[in-house]
Amino acid sequence: MKKIQPDIFYGIQPILAVLAMWLTQDIAMNFFFKNKIILGKEYISSLKGSVIIAPTHRSRWDGLLLTFALGRRKTKKDCRFMVTNPEMKGIQGWFLKRLGCFSINQESPSLSSLRFAIKLIVDQRPLVIFPEGKINKNGKVLPLKQGLFRLAQLAKKKGTPVSILPIGIAYDEVIPKFRGKVALCIEEPLSIDNFSGVSIDEFNDFLRKKINNAELK
């Protein structure tokens, strides 16, 4: 019997991606937000090799804002998103699968999901991982998930230099309002090579300070 391929292996559909970019970036975001501020743009041009994007997570708008700031129009590359299983259900899931997202079980990640994530990193496709693991609307201190650091280390073992890009996202209201403002701040990339011998907890403490400082800016 032929083995069924997991949904994570969906690729980005070119026509759907172009249509989605037009609808979300040119229409939805321009219509909803009065002002979109991007700080740290100088770090975008310095991005080379494999990149894991590590942003704070405050709203469902975050993914669109990340694509606006770091997507194909800015970097010539499509961002791929690691999301939780519930996000990939129904019609929303059908579209997300074809626009660069793939699911992962946070409690018990499958080997196929982990291998696919590592392949994206090694192939130098920007991978977005929200280290907080879920939307944190009130900015409370949440323990960062361990997966980001583990994936970066595994990709490094394959001979791939890996940079981690800390990002802070902030809205002028806890729940984004129509004609409100939003800001995204990009911090200086972190090379995983500089964290050899560091524990996951130590790295996560350092990363937390970086993304929180970016958010405060």
> Distance check, rounded to the nearest 0.5 Å: K210 atom NZ versus N213 atom CG?
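Rounded to the nearest 0.5 Å, the NZ-CG separation comes out at 7.5 Å.
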
> How about I91: does its CD1 atom have over 12 heavy atoms from other parts shown lying under 6.0 Å from it?
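No, CD1 of I91 has 12 or fewer neighbouring heavy atoms, counting only those of other groups under 6.0 Å.
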
> How close do G168 and A214 get, heavy atom to heavy atom, and via which atoms?
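What the structure gives for the nearest pair is N-CB, 3.4 Å.
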
> Please evaluate residues K34 and D172 with respect to the criterion salt bridge (charged side-chain N to carboxylate O under 4.0 Å, His left out), reporting the C-alpha separation (whole Å), side-chain torsions for both, the decisive distance (0.1 Å), and the verdict.
CA-CA 11 Å; K34 179 181 180 181; D172 57 354; over 6 Å; no

> Salt bridge or not for E132 and R208, using N-O below 4.0 Å?
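No.
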
> Are the ring centres of W61 and Y171 closer than 6.0 Å?
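No; Y171 has its ring centre 6.0 Å or more from that of W61.
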
> Would you give the length of the straight line joining atom CD of Q124 to atom NZ of K48, rounded to the nearest 0.5 angstrom?
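Here the rounded value is 11.5 Å.
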
> Counting distance only, does the side-chain N/O of D205 pair as donor-acceptor with the main-chain N or O of E202 below 3.5 Å?
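Flag not set: sc D205 to bb E202 has no pair under 3.5 Å.
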
> Step by step, would you call L184 with I37 a side chain to side chain contact (heavy atoms under 4.5 Å, CB included)?
CA-CA 6 Å; L184 180 148; I37 302 167; over 6 Å; no

> Taking the side chain as every heavy atom from C-beta outward, state whether I135 and S59 have any atom pair closer than 4.5 Å.
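No; the side chains remain at least 4.5 Å from each other.
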
> Any chain of hydrophobic side-chain contacts (each under 4.5 Å) joining L154 to L190?
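Yes: a chain of side-chain contacts under 4.5 Å links L154 to L190.
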
> Let me check something: do L64 and V18 share a hydrophobic cluster, defined by ILVMFWY side-chain heavy atoms less than 4.5 Å apart, either directly or through other members?
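No, L64 and V18 fall in different hydrophobic clusters.
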
> Would you please say whether a donor-acceptor pair under 3.5 Å links the side chains of N30 and K36?
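On atom types as modelled, these side chains qualify, holding a pair under 3.5 Å.
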
> How long is the straight-line distance from CD1 of I52 back to CD1 of I164, given to the nearest 0.5 Å?
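Answer rounded to 0.5 Å: 5.0 Å.
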
> Under a 4.0 Å N-O cut-off, is there an ion pair linking D123 with R80?
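Looking at R80 together with D123, the answer is no, because their closest N to O distance does not fall below 4.0 Å.
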
> Show the numbers, then the answer: is there a side chain to side chain contact (heavy atoms under 4.5 Å, CB included) between I53 and I167?
CA-CA 7 Å; I53 300 169; I167 290 179; 3.5 Å; yes

> Which pair of non-hydrogen atoms, one from L47 and one from P189, has the smallest distance, and what is that distance?
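So the two residues come closest at CD2-CG, 3.9 Å.
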
> Would a 4.5 Å heavy-atom cut-off, applied to side chains only, mark Q13 and L99 as touching?
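Counting from C-beta outward, Q13 and L99 never come under 4.5 Å.
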
> Kindly write out the residues that satisfy ring pair (Phe, Tyr, Trp, His ring centres under 6.0 Å) with F68, not counting sequence neighbours, or none if the list is empty.
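None.
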
> For the residue pair N136 and H57, confirm or rule out a side-chain donor-acceptor distance under 3.5 Å.
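Judged by distance alone, the side chains do not pair up.
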
> Roughly how far apart are L120 CG and M82 CE, rounded to 0.5 Å?
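The CG atom of L120 sits 8.5 Å away from the CE atom of M82.
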
> Can you measure from CD1 (I121) to CG (L127) and round to the nearest 0.5 angstrom?
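It comes to 5.0 Å.
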
> Let me check something: do L23 and L16 share a hydrophobic cluster, defined by ILVMFWY side-chain heavy atoms less than 4.5 Å apart, either directly or through other members?
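Shared cluster, no.
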
> Is any side-chain heavy atom of I118 closer than 4.5 Å to one of K158?
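Yes - at least one pair of side-chain heavy atoms lies under 4.5 Å apart.
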
> Between T56 and I169, what is the shortest heavy-atom contact and its length?
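Between these two residues, the closest heavy atoms are OG1-N, 2.9 Å.
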
> Please check if the number of heavy atoms outside I15 that lie under 6.0 Å from its CD1 is greater than 12.
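No.
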
> How far apart are the closest heavy atoms of V174 and P176, and which atoms are they?
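The answer is O-CD, 3.7 Å.
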
> How about L65 and V182: do any of their side-chain heavy atoms sit closer than 4.5 Å?
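With C-beta onward as the side chain, the pair touches.
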
> Report yes if the side chains of I44 and I186 come closer than 4.5 Å at any heavy-atom pair, otherwise no.
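A side-chain contact under 4.5 Å exists here.
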
> State whether the number of non-hydrogen atoms from other residues, nucleotides or ligands found under 6.0 Å of K74 atom NZ is greater than 12.
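Open: at most 12 neighbouring heavy atoms sit under 6.0 Å from NZ of K74.
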
> Between E87 and R60, is the closest basic N to carboxylate O distance under 4.0 Å?
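Salt bridge: yes.
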
> Salt bridge or not for K156 and D193, using N-O below 4.0 Å?
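Looking at K156 and D193, the cut-off is met.
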
> Is there a path of hydrophobic side-chain contacts, each under 4.5 Å between heavy atoms, that joins L19 and M29?
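Result: no, two separate clusters.
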
> In chain order, what residues pass the ring pair (Phe, Tyr, Trp, His ring centres under 6.0 Å) check against Y43, with sequence neighbours excluded?
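Applying ring pair (Phe, Tyr, Trp, His ring centres under 6.0 Å) to Y43 gives none.
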
> Measure up the F31 and F178 rings against each other and bin them: parallel (under 30°), tilted (30 to 60°), perpendicular (over 60°).
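Answer is tilted, since the angle falls between 30° and 60°.
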
> A side-chain contact here means heavy atoms from C-beta on lying under 4.5 Å apart; do I38 and K41 qualify?
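Of all side-chain heavy-atom pairs linking K41 with I38, at least one is under 4.5 Å.
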
> Would you find more than 12 non-hydrogen atoms of other residues, nucleotides or ligands less than 6.0 Å from K134 atom NZ?
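Open.
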
> For a quick test of reading the model, state the closest non-hydrogen atom pair linking D78 to P126 and the distance between them.
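Nearest pair, atom of D78 first, then P126: O-CD, 3.7 Å.
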
> Test ring-ring contact (aromatic ring centres under 6.0 Å, His included) on F81 and F102 and set out the steps.
CA-CA 6 Å; F81 288 78; F102 66 99; 9.8 Å; no

> So K181 and E173, do their side chains get closer than 4.5 Å, heavy atoms only?
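Side chain of E173 against side chain of K181, heavy atoms only: no contact under 4.5 Å found.
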
> Can you give me the closest heavy-atom contact between A17 and I12, atom names plus distance?
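Closest heavy-atom pair between A17 and I12: CB-CG2, 3.7 Å.
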
> Under 4.0 Å between a Lys/Arg side-chain N and an Asp/Glu carboxylate O for E187 and K217?
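Here E187 pairs with K217 in a salt bridge, since their nearest N and O are under 4.0 Å apart.
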
> Please name the residue in the list L66, L70, L165 that meets the side chain to side chain contact (heavy atoms under 4.5 Å, CB included) test with P55.
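Result for side chain to side chain contact (heavy atoms under 4.5 Å, CB included) with P55: L66.
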
> Is any side-chain heavy atom of L144 closer than 4.5 Å to a side-chain heavy atom of L207?
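Heavy-atom side-chain distance check passes, below 4.5 Å.
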
> Measuring from atom CE of M21 to atom CG of D26, what distance do you get when rounded to the nearest 0.5 angstrom?
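Here the rounded value is 9.0 Å.
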
> For F149 and F203, take the angle between the two ring planes, folded into 0 to 90°, and tell me which bin it lands in: parallel under 30, tilted 30 to 60, perpendicular over 60.
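Aromatic pair F149/F203 classed parallel.
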
